[in-house]
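First the structure, in the form of structure tokens, and then the observations on it.
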Amino acid sequence: MFRRVYLDNSATTPIDPAVVEAMLPYLMAKFGNASSIHFYGQEARAALDKARHQVAALINARPNEIVFTSGGTEANNLAIRGLIEARQSRDGDIAAKPHVITSAIEHSAVLNVCDDLEKQGVTVTYLPVYENGIVRLDDVRAAITDETILISVMAANNEIGTLQPIAEIGKLVRELKSEGKKIWFHTDAVQAAGKMPLDVEAIGCDLLSISAHKIYAPKGAGALYVRRGVRLHPQNLGGHQERERRGGTESVPNIVAFGVACELAQNELERSAAELGLLRNSFESKVGEMISDVVFNGDRGNRLPNISNISFRSIEGEGLLINLDMQGIAVSTGSACSSGSLEPSPVIRALGHEDELARGAIRFSFGRFNTVADIDQVIEMLPKAVETLRSLSPKK
Ligand SMILES: *Cc1c(COP(=O)(O)O)cnc(C)c1O
């Protein structure tokens, strides 16, 4: 029997049945616009309020610090652009040519915003990550100039899962603030959410992005945490929604789903992290035993429990991906957003690996609905697939 195995949970997750159930009434009878004054509007408003509490609770924020967006990409855009534009429109203490610090391995939803800002005269420093895939605090400190107004470093990388020193960066930013420096800290926590504890007070960030479809809710909702007192220039101008920070009618069904997904993630955090870690580690140890010439990318200790990124020497990741897909196994090379190009993954390249290894990288990302049987199935097929491709490779 042909059985499919989905190991691309970092690209998107299946929707949890409990999440579907919670959102269904908002696709049917409870269709109101949350800005309407009548009964239907009040019903939708109450649902948004509840979801706002659920999302806030996952990251230890206050409900009024949550701005709902269409997803992680919009949250990142609003955070970075919104902050820079708010500062630029204020005269006085902010440099005309502001400086932003980020890392070389951010998601394209941060890197492409930074790239665009550079064209508008903003200076951007891209911190290196070294072979373990982790930013160094000393580099952050050394990069700060009088003009620096924003540091944006992700909580966990989407391709290799490495955890970045966000609490340390947050502490540094707090110290600088207490000395009177105008500097803010954003973290893209889209991958980290639901897989590790996230506490905006412990992290000390001003802005934090999360996305619904990476935590078992549908695509189309996300949130930006905005610390009380942080001013953002809205990127979506329109109605007065989200306390003037994001115009547009809220996607009530998606946001209800997102809220429930956050609650589930919070309730299951420890158990699911432990289970995912066991699955992932047993997968990796079998790969290590059965396949030669593999490199496990990124720090193997300091990373999310659900991501395994492996380079198979002498083969192209794309070829392996297609071979596995024909056998019903879904994995990815690099991030979903950069696939389609045959360029080696910039993230794996940032680890200092040569192109051959970067091109042979595959991400296996596990999720709530994966089982030991899934791992067994992959382990049955993967060594043969690698062997076949290697036997065809001109490099051998
Ligand atoms: C998926 C992802 C995003 C983008 O989120 P969307 O909701 O898909 O727009 C941003 N950052 C990271 C780290 C991601 O993994």
Side-chain angles (χ1 to χ4, degrees), residues 6-15 19 55 58-59 66-82 102-116 126 129 133-135 152-164 166 186-196 198 203 205 207-225 235-236 246 248 250-251 254-255 257-259 261-262 265 298 303-309 331-340 345-348 350 363-367:
Y6 184 75
L7 291 183
D8 201 11
N9 289 275
S10 291
T12 196
T13 50
I15 308 176
V19 169
V55 173
L58 181 66
I59 57 172
I66 299 298
V67 177
F68 286 122
T69 65
S70 62
T73 300
E74 191 193 324
N76 285 345
N77 273 263
L78 177 58
I80 299 170
R81 268 185 206 287
T102 188
S103 85
I105 60 165
E106 295 298 309
H107 188 271
S108 53
V110 167
L111 288 181
N112 286 336
V113 175
C114 288
D115 189 59
D116 198 54
Y126 299 89
V129 294
I134 300 176
V135 159
S152 178
V153 172
M154 68 201 325
N157 181 262
N158 46 302
E159 289 189 37
I160 53 178
T162 47
L163 308 184
Q164 305 302 323
I166 51 170
H186 165 250
T187 187
D188 173 346
V190 170
Q191 288 293 332
K195 284 159 216 121
M196 57 184 269
L198 284 175
I203 298 166
C205 56
L207 301 152
L208 179 146
S209 306
I210 51 178
S211 174
H213 77 98
K214 305 281 174 82
I215 59 166
Y216 311 97
K219 292 141 199 74
L224 180 65
Y225 156 78
Q235 302 297 301
N236 272 30
R246 199 269 189 185
E250 302 87 347
S251 176
N254 280 330
I255 291 171
F258 185 27
C262 285
R303 62 178 168 161
L304 292 175
N306 72 312
I307 293 185
S308 179
N309 190 303
V331 299
S332 81
T333 57
S335 71
C337 316
S338 55
S339 62
S345 159
V347 174
I348 310 299
R363 178 184 68 187
F364 303 85
S365 50
F366 305 92

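Order of listing sets the numbers, starting from 1, for every ligand and every atom in it.
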Under a 4.0 angstrom heavy-atom cut-off, which atoms of ligand 1 come close to Gly72?
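Counting from 1, the qualifying ligand atoms are 5 (O), 6 (P), 7 (O), 9 (O).
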
List every atom of ligand 1 that sits less than 4.0 Å from any heavy atom of Ser211, numbering the atoms from 1 in the order shown and giving each element.
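The list of qualifying atoms is 6 (P), 7 (O).
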
For ligand 1, note which part of Lys214 has a heavy atom under 4.0 Å away: side chain, backbone, both or neither.
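The answer is the side chain.
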
Answer side chain, backbone, both or neither: which part of Lys219 comes under 4.0 Å from ligand 1, heavy atoms only.
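For Lys219, no heavy atom sits under 4.0 Å from ligand 1.
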
Donor + acceptor pair across side chains of Lys219, Thr12 (<3.5 Å):
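Yes, because at least one side-chain N or O of Lys219 sits under 3.5 Å from a partner of the opposite role on Thr12.
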
Going by atom types only, do His186 and Ser209 share a side-chain donor-acceptor pair under 3.5 Å?
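Result is yes, a qualifying pair exists.
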
[X], any N or O under 3.5 Å of ligand 1 N or O:
X      : value
Thr73  : yes
Ser10  : no
His213 : yes

Pairwise side-chain contact, Ile160 with Ile307, heavy-atom cut-off 4.5 Å (strictly under)
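No, every pair of side-chain atoms sits at 4.5 Å or beyond.
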
Would you indicate whether the side-chain heavy atoms of Asp116 and Arg81 approach each other to under 4.5 Å?
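Yes, close enough: below the 4.5 Å cut-off.
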
Mark yes or no for whether Asn309, through its side chain, and Glu159, through its backbone, hold a donor-acceptor pair below 3.5 Å.
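Answer holds: yes.
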
